[in-house]
Visitor: 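Encoded as structure tokens, here's the structure I'll be asking about.
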Amino acid sequence: MTDPAPSTLGVYGITVAAELAGLGEQTLRLYERRGLLTPDRTSGGTRRYSDSDIAVLLRVAELLAEGHNLVGARRVIELEAINSDLRIRIAELTA
DNA sequence: CTTCTAACA
DNA sequence: TGTTAGCA
């Protein structure tokens, strides 16, 4: 029922991440500026997107298609993350 | 690759 | 409001 959480290790450059998410590079940078994402940075300052970052990007695209704006999408993703953590805690306490 | 700015729908 | 193109 619960999908395994994607790796949070930054591995993709912005070009690859944008391609995987089906979005433009500028769009990815905008999402970061709006606080929807915080990809890792190399010492040189280039972004490194993880699988979980890609998952967030895909989720943002879904939410926007449903009529959310970027602020609303950020809220939903934040709440979903909290909800996920709580489900894990419930599972631990139930075990 | 980066940030920033301006224009478009 | 969100996306995109062009510049430095």
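Atoms considered below: every heavy atom in the structure, side chains included; atoms not considered: hydrogens, waters and symmetry mates. Naming: A, B, ... by sequence-line order, numbering from 1 per chain.
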Visitor: When you check the phosphate oxygens OP1 and OP2 of C:dT3, does a side-chain N or O of A:Y31 lie under 4.0 Å from one of them?
Guide: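 Answer is yes, contact under 4.0 Å.
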Visitor: May I ask you to list the residues of residues 11-30 of chain A, by number, that have any heavy atom positioned under 4.0 Å from an atom of DNA chain B?
Guide: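 The stretch gives A:I14, A:T15, A:Q26, A:R29 as the residues lying under 4.0 Å from the strand, ordered by number.
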Visitor: Let me see the working for A:L57 and A:L37 under side-chain contact (heavy atoms from CB on, under 4.5 Å), right down to the final yes or no.
Guide: CA-CA 8 Å; A:L57 291 174; A:L37 264 93; 3.5 Å; yes
Visitor: Crowded around A:E19 CD? As in, over 12 foreign heavy atoms under 6.0 Å?
Guide: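 Atom CD in A:E19 is not packed in, count stays at 12 or less.
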Visitor: Could you tell me how far apart A:E32 (CD) and C:dG2 (C1') are, to the nearest whole angstrom?
Guide: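 Whole-Å distance recorded here is 17 Å.
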Visitor: Nearest whole Å is fine: how far is C:dT3 C1' from A:L64 CG?
Guide: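 A:L64 atom CG is separated from C:dT3 atom C1' by 11 Å.
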Visitor: Rounded to whole Å, how long is the line connecting atom CG of A:D40 with atom P of B:dT2?
Guide: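 About 13 Å, once rounded to whole Å.
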Visitor: Tell me which of A:R33 and A:Y49 sits closer to the 5' end of DNA chain B, going by the nucleotide each one is nearest to.
Guide: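 Final value for this comparison: A:Y49.
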Visitor: If B:dT3 has a Watson-Crick or G-U wobble mate with both distances under 3.5 Å, name it; if not, just say none.
Guide: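 Pairing partner, where one exists within any strand: none, as none qualifies.
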Visitor: Shortest non-hydrogen contact from A:A17 to A:Y12?
Guide: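 Closest approach of A:A17 to A:Y12: N-CB, 4.2 Å.
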Visitor: State the CG-CD distance between A:N83 and A:E78, to the nearest 0.5 angstrom.
Guide: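 If I round to the nearest 0.5 Å, the distance is 12.5 Å.
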Visitor: When rounded to the nearest 0.5 angstrom, what is the spacing between CG in A:L28 and CG in A:L20?
Guide: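 Taking CG in A:L28 and CG in A:L20, the distance rounds to 10.0 Å.
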Visitor: Using a heavy-atom cut-off of 4.0 Å across all strands, would you classify A:R41 as base, sugar-phosphate, or nothing?
Guide: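 The answer is sugar-phosphate, as A:R41 gets under 4.0 Å only of primed atoms, P, OP1 or OP2.
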Visitor: Which of these nucleotides, B:dC4, C:dT3, B:dC1, is closest to any side-chain atom of A:L70?
Guide: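 Selected nucleotide: C:dT3.
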Visitor: Quick one: does A:T94's side chain have a donor or acceptor within less than 3.5 Å of a partner on A:I90's backbone?
Guide: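 Yes; at least one donor-acceptor contact below 3.5 Å.
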Visitor: Would you say B:dT2 has OP1 or OP2 under 4.0 Å from some side-chain N or O of A:R47?
Guide: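 True: A:R47 side-chain N/O within range (under 4.0 Å) of B:dT2 OP1/OP2.
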